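None of these values were measured; they are calculated from a predicted model. A note on names: the letters A, B, ... follow the listed sequences, proteins ahead of strands, and every chain is numbered from 1. When reading the values below, keep in mind they use all heavy atoms of this one structure, side chains included, and skip hydrogens, waters and symmetry mates.
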2 protein chains.
Amino acid sequence: MFQLGVSTRDRILDTAERLFAEQGFHVATLRQITQEAGVNLAAVNYHFGSKQALMRAIFKRRLDALNAARMKQLDIALQTDPPELEEVLDAFVQPALAFTRGGDAEGQRFMQLLLRAFADRDTDLHQAMRQEYAHVMRRFADAISHALPDADPERLRQQLDFIVGALTLTMAESALKDTRIIAGELVRFAAAGLRAPVTEETARAVRFPLEARS
Amino acid sequence: MFQLGVSTRDRILDTAERLFAEQGFHVATLRQITQEAGVNLAAVNYHFGSKQALMRAIFKRRLDALNAARMKQLDIALQTDPPELEEVLDAFVQPALAFTRGGDAEGQRFMQLLLRAFADRDTDLHQAMRQEYAHVMRRFADAISHALPDADPERLRQQLDFIVGALTLTMAESALKDTRIIAGELVRFAAAGLRAPVTEETARAVRFPLEARS
DNA sequence: GTATCATTGAAACACTTGTTTGAATCAGGT
DNA sequence: ACCTGATTCAAACAAGTGTTTCAATGATAC
């Protein structure tokens, strides 16, 4: 029950990740974390320095893994030139689910954590996440531009944020068993959105967004 | 500076909304709120009962207004039968920006608050928000189904969540001046995504989502 | 003017928080 | 065996939290 054989440091990491995702950073207390992990209260400050530093360690561990998995799958997609749009999007979406393959809810837990980080603007965690993300996002934006050479790269980059929002919120929200199907749907949905040209109607909507058109 | 002439209750409501959005529910303290609002500390518990109840009051005020605005604009779109898909999506997206028209950042602040509520699963606030939303979401899902009679209603409902995620995250994240343009882009993006049929390629992606396709 | 109610004010309350301390325990090397 | 450094432990610390209390003040009606 107390994950015998695993180091104190890892027990804290796993338990804190779960409780931070479930309850949020400021609601989950060190006493609750250490008690459920079966370690002493002071162990957190000994191994990590502070509660904040613990959070950063948790975040870095998963985000590095997620980004590496995305990069790796993107490289495969980029072996064809120009790359297939769906394969590029797959490389972005699917690794977010890869963690769930083990059977437990780790992947979804991290998406919940990611969603909290997005919500926490003006925190160093938010800044750190955006910076960690910047690399990957730029590479994916470039790949999408190559797949859709006729589209404006700046607009494509903007629309990548739509995909991030849709992915993060639905993955954090949905039941575990549905995530795989939803990911496939999202790729199809996003690919069509990215391919859609700017029509006269939608251009007018951009210019006069609040006009009631009866 | 202290919004002279406005009632104590409203001063608390406005200040707390701002601080909750900026810092989060558990980080913003009643002492900070009451001090910045220029009211006594005990005023919160007198007028609202508790910090939680204050949060609910804040949320209800804006969400009711947002939902009402969406419903009203949806009714206009539904005057044509079948409704135009872009008009239905406009009715969903545009009211989220309507608050920003006054010049201040109220609209974006509320989207940040909404994002926090999404991240806070397993809280009564999250439950309350989902319930308040359920009505509106069902009506919009029905309207979209009417606009796209050939598509599976259940799948359309699923994809409405994509739009919610994209809208909430980008609106909370983006600079204020960009929100109007982004909203127009989102309508175009989402309309194309909803209209896209399920191809053999994407169907395969749904069946074998983690397969590396080189 | 006075009684009645709602509202404000300063202070205290009970409790929890993250962090620190210093002794006890453990492991590995010589 | 003995030393050394890393790790664990129980206890305390200082600070901050939401909430409550009760007297002071304000407004309103009779």
Side-chain angles (χ1 to χ4, degrees), chain A residues 1-60 113 116-117 120 122-126 128, chain B residues 1-60 113 116-117 120 122-126 128:
Chain A
M1 172 164 185
F2 279 163
Q3 311 173 40
L4 297 174
V6 184
S7 74
T8 297
R9 197 189 142 89
D10 285 343
R11 280 213 294 269
I12 295 173
L13 231 36
D14 290 340
T15 309
E17 180 181 61
R18 177 169 56 83
L19 293 176
F20 283 159
E22 286 175 4
Q23 310 181 1
F25 176 73
H26 290 94
V27 177
T29 70
L30 290 184
R31 281 170 178 80
Q32 183 187 9
I33 292 168
T34 52
Q35 186 176 337
E36 293 201 18
V39 304
N40 189 270
L41 170 62
V44 169
N45 285 279
Y46 177 76
H47 285 283
F48 297 94
S50 69
K51 189 185 181 184
Q52 276 275 355
L54 167 62
M55 181 56 156
R56 277 195 291 267
I58 290 170
F59 222 81
K60 181 168 174 47
L113 215 57
R116 289 187 187 278
D120 267 334
D122 307 331
T123 65
D124 50 343
L125 184 67
H126 183 95
Chain B
M1 175 162 185
F2 279 162
Q3 310 172 39
L4 297 174
V6 184
S7 73
T8 296
R9 195 188 144 91
D10 285 343
R11 279 212 296 266
I12 294 174
L13 230 38
D14 290 339
T15 308
E17 179 181 60
R18 177 169 56 83
L19 293 176
F20 283 159
E22 285 175 4
Q23 312 182 1
F25 177 72
H26 290 95
V27 178
T29 69
L30 290 184
R31 281 170 178 80
Q32 183 187 9
I33 292 168
T34 52
Q35 187 176 338
E36 294 201 18
V39 304
N40 189 268
L41 170 62
V44 169
N45 284 279
Y46 176 77
H47 284 283
F48 298 95
S50 69
K51 190 185 181 184
Q52 275 275 357
L54 168 62
M55 181 56 155
R56 277 195 291 270
I58 290 171
F59 222 82
K60 182 167 173 48
L113 216 58
R116 288 187 187 280
D120 267 335
D122 307 330
T123 64
D124 50 343
L125 184 67
H126 183 95

Closer than 4.0 Å, any side-chain N/O of Asn40(A) to the OP1 or OP2 of dA10(D)? yes

Measure CG/Leu41(A) against P/dA10(D) and give the value in whole Å, please. 11 Å

By nearest-nucleotide position on DNA chain D, the 5'-leaning member of Phe25(B) and Arg9(A) is Arg9(A)

Rounded to whole Å, how long is the line connecting atom CD of Gln35(A) with atom P of dA10(D)? 12 Å

Report the distance from atom CZ of Arg31(A) to atom C1' of dC13(D), rounded to the nearest whole Å. 11 Å

Atom pair NE2 (His26(B)) and CZ (Phe25(A)), whose distance is rounded to the nearest 0.5 Å: 13.0 Å

If only side-chain N and O atoms of His47(B) are considered, is one of them under 4.0 Å from the OP1 or OP2 phosphate oxygen of dT8(C)? yes

Is any side-chain nitrogen or oxygen of Thr8(A) closer than 4.0 Å to OP1 or OP2 of dT8(D)? yes

Candidate pair Tyr46(A) and Arg9(A), rule side chain to side chain contact (heavy atoms under 4.5 Å, CB included), full reasoning: CA-CA 10 Å; Tyr46(A) 177 76; Arg9(A) 197 189 142 89; over 6 Å; no

Roughly how far, to the nearest 0.5 Å, is CD of Glu17(A) from CZ of Phe59(A)? 10.0 Å

Can you tell me how far P of dT7(D) sits from CG of Asp10(A), to the nearest Å? 13 Å

Between P of dA10(D) and OH of Tyr46(A), the distance in whole Å: 17 Å

In whole angstroms, how far is the P atom of dG18(C) from the CG atom of Leu30(A)? 4 Å

Can you measure Leu54(B) atom CG to dT17(D) atom P for me and round it to whole angstrom units? 16 Å

Write down the distance between NZ (Lys51(B)) and P (dT17(D)), rounded to a whole number of angstrom. 9 Å

Return the nearest nucleotide to the side chain of Ala42(B); candidates are dT19(C), dG9(C), dT8(C). dG9(C)

Distance, nearest 0.5 Å, that separates CD of Glu22(B) from OG1 of Thr123(A): 13.0 Å

